[in-house]
Every structure is written in structure tokens, then in C-alpha cells.
Number of protein chains: 2
Amino acid sequence: MSIRIGIYGYGNLGRGIECAIGQNPDMTLAAVFTRRNPADLKIATEGVPVYSADSAAEHKDEIDVMILCGGSATDLPVQTPMLARDFTVIDSFDTHAKIPEHFANVDAAAKEAGNVAIISCGWDPGMFSLNRLYAGAILPEGEDYTFWGKGVSQGHSDAIRRIDGVVDGKQYTIPVQSALDAVRSGEAPELTTGEKHTRECFVVAEEGADIARIEREIKEMPNYFADYDTTVHFITLDELRRDHSGIPHGGFVIRSGKTGKDREHTHIIEYSLKLDSNPEFTASVITAYARAAYRMQAAGEIGCKTVFDIAPALLSPKSADELRKTLL
Amino acid sequence: MSIRIGIYGYGNLGRGIECAIGQNPDMTLAAVFTRRNPADLKIATEGVPVYSADSAAEHKDEIDVMILCGGSATDLPVQTPMLARDFTVIDSFDTHAKIPEHFANVDAAAKEAGNVAIISCGWDPGMFSLNRLYAGAILPEGEDYTFWGKGVSQGHSDAIRRIDGVVDGKQYTIPVQSALDAVRSGEAPELTTGEKHTRECFVVAEEGADIARIEREIKEMPNYFADYDTTVHFITLDELRRDHSGIPHGGFVIRSGKTGKDREHTHIIEYSLKLDSNPEFTASVITAYARAAYRMQAAGEIGCKTVFDIAPALLSPKSADELRKTLL
């Protein structure tokens, strides 16, 4: 009996979910829901229906878990509570500051309908959050550090593209090696985000554009670049396509803490990710948690959950016996 | 209302638990239980009673969670099921091959008594197991690698000390850097334990002992050293005490896996520990899970649990709201 997954929104993340389902034999892609004209959408899996997003509720009996693949700015705040009325849902809402509000909205809707909903699933929020929680609970006296990269920041790339005279551009967030080394040494330094990361930009300018001005506008852009050591490279569109078409990402969560009678012992807990494809890895995390959502719904749980609330065993297709025997 | 902890067995691990309780304001050390004469045992915390291990059951109303600090070979297989009849218990049973049997024994006793029991808590088994589970569920097509060290192996140090002519000795397990690098590159090499680790021994020999014979006996010892690149250094007792009195340890759990239509994207998930004190870190993990045991018991759960069965939020003293707001 396969877990029937619905994908709601078919962009990079939705395609990643589709791939991940193919790697999990206990799951089946049951349907894709789109705001585009369903007849125009060609998906990778043969024989799977594509429905209009508006008609989702009509297909509630075909879907065990609906995975929402929209954006955090405007899609998910509306879609997740709405779909939680008819489905077990899971999303990757990643606007950290608005998580409590989103949680409350989704929780109310899911509880009213008697459904399970998982929000903010992926790697940050998600696996990085989990590691901050575990490490902090184990070493109560210590400091947490999160570094991002090396990876493409969509938001910063978009910011570059909005500058006058820019045809296209891509921004990499890069952790500062000396900051990483200091943290790993157990020194527990105080570091701003700008001291932990540099930003490297690859920019395609319009012919005849004032590249000195573009570089200045990037480097002086408040919030995005002004507080960072930022490097700007001007390249051709061909070079951008050839060398910068991937969506890699990753990062590090490190906690250093002290134990012992006189706090004389230092411990370093480090979790790191090195990802060739940010959306495909995020999709892989979500897909594992979709299994947990299905099981929690079957067990009669209701309401909104996050990675913090979910026992690890629920993510794995293996039985409890097998897990203890092979992985513990 | 503080969680009242009992420590059953006051060796390195028990002393580590005592320190860790001092770092967790929601916990109190209620009593220490020892097989020695309680009058002879001086513990670090003032005003805490020391009782005979035999009398534990008489003090069941003074203890919320009993932490068992005995050894896996002969202590815990007997003690954990026995104490689970009267207490919420937690142990660090680490004989991987015997976990299913130990689980079954503890589960039966805990269920009969209506108690929660957590077994095999620490870092391996424990945090390393958790990371193997999470990473495997996220990247179903991939390979797991566990490296241990650099750290002191108690079992290998003991094996050296049993050799004729040896006064004392200490063995370090060291991960092979080239093997670590190959795994991190995503190559997914096949590696034996011996290809992943080297062993370095510091040995104090009796005066006039045949050190060539001792070195040969170490290097040829089956299971312990024969399959490894082993180095033996002869040093004085003063040097051993000066340079090798610590109990550091650590290691790496790495999974490399593939995603994408043609499995064209590689992802590396790495979890690592660098620990100045193996017993104090193990104690810190157990103490966090003691909080979870207390909460599960209070929620009416019963039976034997492992790190796989326990939702991460249960480890933290923070509320669910606070966790979502600050760590997600």
C-alpha cells in the first residue's frame, strides 16, 4: 500500500519532489496540481494526472499527503491553511520571522479539519534547525553558529538583476574560512553575519552599460551587500550559462560548548551539508517527512507539527526492529 | 518543579552526569546509588545522599529518572530491566550486536511496570545513530560512513595492558585523512574499518621487558590490531601520565547520496564530534534524554524507547513556542 503524494506547484521544488518519490518505493506520485493550464503542463512521470490547483478539493480521496511547493512570500501563507482543511499537508515555509504566525494559522485549520500539517521542512528551516536544537539541549553552556554556503542565494541574485543595466546575474554566499576555523577551535568568537560570509557576484551587463556604477550599486546595496566583503565579476551571458547554471548550496551548524567541574572540557558538534542541488535536497527532506505526516495522520494525530515534534523513526521506511538492529 | 535524578553507579560516567545536572537548571541530583560502601563514597555535590545500590527500590519515591552508569558487558543487561520495574530509567548500553536482546528485556520489564525506559543513549549508539537514520531517510540512494576518533579506545587500551611486561598503555583510534577526503568527495568508496582508521599505542613497559616482543604481540593481536596500520611508542610512566591522561574522542558520520532524474547531483551530509571528554559528553547527551524520559513518563507512555523514538523537542527545556521562534 503505497503513500499517494500530491504535488501542489510544479517548479524547481515540485520537480525535485517528483524525483524523490521515484527514489522511495513506498510512495507514488498520484497527481500534480498547477495554477497554469493543466493541458499545457508536461511532467516527467508518465501517466500521472495534472489537475488545476483550483480543483484540488475534488481530488482529496486520491491523495494521502499533499506537498506544497509554492513560495513563502505570498503562496504558502494562503495555501497551507487552505489545503490543510482537505489534506494532510507539508510545506517548506522559510521566512523565519513569520513562522509563529504561519504555525498558528495552519494549526487552527488543521485541527478544525482533523488533519496533520507539517510546516517549514527542508534544510534551513529543517535539518539545520534540528541540529541547533539537539546540540543546544546536549551542551546548554555554549554558542551556536550557522554558516551558509558555498551556494547560490536566489534573493541576492534577484537583487542584482533588478539593477539598471544588468542582463542577468548570480550571487554566491561563501563562508569565511578563518571564521569557521575560529569557531571549530572552540574559541566561541562573537561574529556578525558579515564576518562569517563573503558574497561573490557574477554579472552580465548590457552592452555599453556603466559597469563601475553597477559594481558600486551592488556593493552599496543596504542589507543585501553593504555589510559584506563583496566581489563583483563581469562575465558574458555564455559564461554565465556555462559556469553558473547550477543551484548548489550548503552550510554548517556548529555548536561549541563546555562541560566539567570547572568547564575545563570543550566539545564541538558540527553538522554540514554540501549540496549539488538545493531544490532537490530540500525536496528529499520534505519527501521523508511526508512519510512521517502520513503515519501521524494514520495514528490519529492532528494539528501543525515541525521537525521538532517528529520522532526520527517516522521518517524511515524501515521498521523499528530493523532500525535498532542496523542503525543504532 | 525540578526533575529529580538518581545516578546508579559513580564512575567516570556518573561523575559526568553529576556535572551535567549542574548545567541544567530544571534538574536536581536527588541521590547517588553505589555498590561500594555508601559511607566511603565522597561525591562532588554537597548535601546529596549516597545510598547502597541494593536499597534502590526503597527510594523510588525520591527519584523521577534513574540514570544507569554501569558497563554494557555485565552491569546493564541485569540492572536496566531490574530497575525499570521501579523507575523511569535511561542507560548507555553500547554493545551494538546485543541491542535487540537488551531492548526486548527492558521493554518487557518497563511495560509490566508501566514505566518508560530509554536504552543505548550517548553518541554511538546515540547521536551518530540518529544521524545515520536522518541521512539515510533523506538520501535513500547513497552510502553511510562512520569514522571514529581521534580518541581513546578503552577496550584497545585494556587489551594492551593485558600483555605480559606492560605496566600501562593507551590506544588512540585515528581516522585516515585520505579515506575521509575520498568519502567527502562523493566518490562512495568501499572501505573496511581498517582502511578508515589507524591505531596509535603509547606503552609503558616493565624494566628489562622485551619491547620487540610486546610491539609484535600488539600488532599481531587479532580483531584489535592485526587488521590495522598500528604504531607503537614506548614511553615512561611519567610521560603517559603527563601527556595521555585525558579521555578525548569524537568521529564523523558521513552520508553521500545522489538525486535527480539521472542521479546527476551528489549531496554530502556530515555530522562530526570533537570531544575533550568522552564520558562528560556522553553524560550530557544522556542528561538531555533524561528530560525526555521524564516528560514521556508524565504523558503516560510506557515501554522501552531509543533515540529513534523520541521527538527532538522533548530534549529541550524550552517551550514549543520558544523553540519555533528561536531555533526553527
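- Heavy-atom pairs under 4.5 Å with chain B were tallied for A:Q23, A:E264, A:R132; the largest tally goes to A:Q23.
- Of the listed residues (A:L133, A:N131, A:L130), the greatest number of heavy-atom pairs within a distance under 4.5 Å of chain B belongs to A:L133.
- Below 4.5 Å, heavy atoms of chain A meet no heavy atom from residues 250-257 of chain B.
- B:R184 touches chain A through its backbone: at least one of N, CA, C or O sits under 4.5 Å from a heavy atom, while the side chain does not.
- Using a 4.5 Å heavy-atom cut-off against chain A, the contacting residues of residues 138-148 of chain B are B:I138, B:L139, B:P140, B:E141, B:D144.
- Heavy-atom proximity under 4.5 angstrom to chain A picks out B:A288, B:Y289 from residues 288-296 of chain B.
- The NZ atom of A:K261 sits 11.5 Å away from atom CZ of B:R15, with the distance rounded to the nearest 0.5 Å.
- When each of A:P312, A:A311, A:A137 is checked for heavy-atom pairs under 4.5 Å with chain B, A:P312 comes out on top.
- Annotation: the span from A:R263 atom CZ to B:E280 atom CD amounts to 9.5 Å, rounded to 0.5 Å.
- Only the side chain of B:D124 comes within contact range of chain A, with heavy atoms under 4.5 Å apart.
- Under the 4.5 Å side-chain criterion, counting only non-hydrogen atoms from C-beta, A:K325 is not in contact with B:I99.
- Relative ring orientation between B:Y134 and A:Y134 is described as perpendicular, the plane-to-plane angle rising above 60° on a 0-90° scale split at 30° and 60°.
- Nearest heavy atoms, B:R324 versus A:F308: N-CE1, 4.2 Å.
- Of the inter-residue distances, the one linking B:F281 atom CZ with A:H267 atom NE2 reads 7.0 Å to the nearest 0.5 angstrom.
- Contacts of residues 269-279 of chain A with chain B at a heavy-atom distance below 4.5 Å involve A:I269, A:E270, A:Y271, A:S272, A:L273, A:K274, A:L275, A:D276, A:S277, listed in sequence order.
- Under the 4.5 Å side-chain criterion, counting only non-hydrogen atoms from C-beta, B:H96 is not in contact with A:L328.
- When each of A:S120, A:G136, A:P248, A:G260 is checked for heavy-atom pairs under 4.5 Å with chain B, A:G260 comes out on top.
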Is there a side chain to side chain contact (heavy atoms under 4.5 Å, CB included) between A:T259 and B:S284? Walk through the geometry before answering.
CA-CA 8 Å; A:T259 66; B:S284 297; 3.6 Å; yes
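- Heavy-atom distances place no part of B:K318 under 4.5 Å from chain A, backbone and side chain included.
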